[in-house]
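Contents: one structure, followed by commentary.
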Amino acid sequence: MGAYTAQARGVALGILEYRVNVLLGIVATLMQLVALLAVWQVLLADSPVQGFTWPQMQAYLLVTFACGALVSTNSDFRMAFRIQSGLVALDLVKPVDYQRSRFAEALGGLWLEVVLILIVVTSAAALLGGLTVPAGPALALFAISMLLVVPLKFLIVYVGTLACFWTQSYMGVQWARIAVMSLLSGALIPLAYLPGWLGTIAQWSPFAGLTSTPALIYIGRVGFGDGMMLVAVELGWVIVLWFGARLLWRAAVRQLTVNGG
Amino acid sequence: MPPIVEARDLTKVFRRPEKDPGLAGSLKHLVRRRFTDKVAVDHIDLSIEAGEAVAYVGPNGAGKSTTVKLLSGILVPTTGEVRIDGLHPQHDRTAIAHRIGVLFGQRTQLWWDLPVRESFAVLRDIYGLDAATYRKRLARFDEVLDLGEILPTLGRKLSLGQRMRADLAAAMLHGPRVVYLDEPTIGLDLQVKDKVREFFRTLRDEGTTVMLTSHDLADIEGFCRRLVIIDEGRIIFDGDLGAVKDQYARERILHVETEQPVPVEAVRLALPGAVITEGETPNQISVRFDRFVLTAGHAVTALAGLATLVDFRVDEPSIEDVIRRVYSGEILFDAKSA
């Protein structure tokens, strides 16, 4: 087995030790889903707001839930802990690439998240009386966009966690990241509802790809051409962040190895 | 053959923020940042031959762990350079990772949420070991470290002794040519310590180069032939362990038990130059002497002439005593020699 596959497998096996934790995390995301569904049902009961109809909003929120549950199994905590406690020193004497190893770990936790997402989405669809699934090309685009959520979210969390090399504490970093992520990704409210200038910033930011892009494609708010454009931006950020994170890691290791842990 | 580990003029200076106490001090530090330099390792030259077992000792904060981190490439030296098997730690990180094993006794590299067996399997794949080599090594480690009951246990459920044994195996699984063991017996009970020490000896006998850092000097005796003492970031002694003992641990104590009470004055006359002490009973006596002035055999013969001997034993001072005297400044080494 390859070095990275082995690390992914390690997390995939170990994650069941945290099943209660994972489950509670998903329940929290689920609560948010229920609350938002309730609010939007009232707001959209009579007429669409800014072009969002009630059925569209249901689908939007389900995609938001799925995006929120992906790559959510606290691998960042483990990494933050290893950095703060100095255990990261042992990662430095392994013949593997640090960033690829952490990505492999994030992928290892994916299976449980996907299982939980499938359970929630199918039961929600049943409760809401079925979901409209987009037509062929849009569906394919949506699938690509969802796949890209995985590396994108990993990278945003990873870059945030690297801040621990300088801050020595993870709580503040994590809260700031979550606040920015939920606002600028469209997870809190669709980006169309933000003030124009903020909406534009958000749309071009790496965060839009976390929720807004797959959700808008799924509900058909954007056509195929615009959808391609959004997915291209999402992919662009994945590439930029992947290499940007490497530079940041190099600076972080310098910080550790030059100034002492 | 060139040395497998070579450090030349190795220096590590840490920059520490200098803060006045309290919130006011912290706020002041935000505005005007002041730092002090702390020299952790100060111009160290060290070269270790393949297959050597080196004890690296010194008081807390002497720079032992920093040296280990420099020699394994975890820290970048401020000045000077390190070569492992001719390779540069920062430039050839991956190649070096295959050659070195590191154990920090206070830390674990096991996965908390996986059975030890699975942690080992991940390491096997990280180092790209083939199945046969892996099985062979594991079986060999099992002989000494008794891994049987440990393998199916979750990392976080191990006792300290189990964890250390598992961590030792984990550090050695890829068959490194050089291992740095930093406090490998810390907090262990005697029985586990014995096992761990036996494991060190098997490593040495197989030709692995070992650098051992420990506060427990019993780890060192009978294992390392070379002793390096560091204090305040400088190497104050580097030489043969036996030579140190010859030079600074010459004293022997002979304890004798006799059938009838021995007149102490008679013993003093028979063994001039030795210090005689009476034991707990009149039938016991202790003779303290310099082994280059008097031999144990000579002392025993002299005593046998005075009384019938029932039992005797000779105490040698441990290297621990010597190092304690070095730390306390009682022994000063003039140069790095022995």
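Chain naming here is simple, since letters A, B, ... match the order of the sequence lines and numbering starts at 1 in each. The basis for the numbers below is simple: all heavy atoms, side chains too, and nothing from hydrogens, waters or symmetry mates.
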More than 12 heavy atoms from other groups under 6.0 Å of CZ on R204(B): yes
Best-contacting candidate, L154(B), V122(B), T66(B), I126(B), against chain A by heavy atom pairs under 4.5 angstrom: I126(B)
Trace of the side chain to side chain contact (heavy atoms under 4.5 Å, CB included) decision for T5(A) with D125(B): CA-CA 9 Å; T5(A) 321; D125(B) 294 333; over 6 Å; no
Residues of residues 93-115 of chain B with any heavy atom under 4.5 Å of a heavy atom in chain A: R93(B), T94(B), A97(B), H98(B), I100(B), V102(B), F104(B), R107(B), T108(B), Q109(B), W111(B), D113(B), L114(B)
Crowding at CZ, R137(B) (>12 non-hydrogen neighbours, <6.0 Å): yes
Part of L123(B) lying under 4.5 Å from any heavy atom of chain A: side chain
W175(A) CH2: over 12 foreign heavy atoms closer than 6.0 Å: no
Contact origin within R156(B) toward chain A - heavy atom pairs under 4.5 Å: side chain
Heavy atoms of other groups near E81(B) CD, more than 12 under 6.0 Å: yes
Residues of residues 159-176 of chain B near chain A, each having a heavy atom less than 4.5 Å away: none
Option that, when pairs with chain B are counted at under 4.5 Å, heavy atom only, ranks first among S85(A), P95(A), S101(A): P95(A)
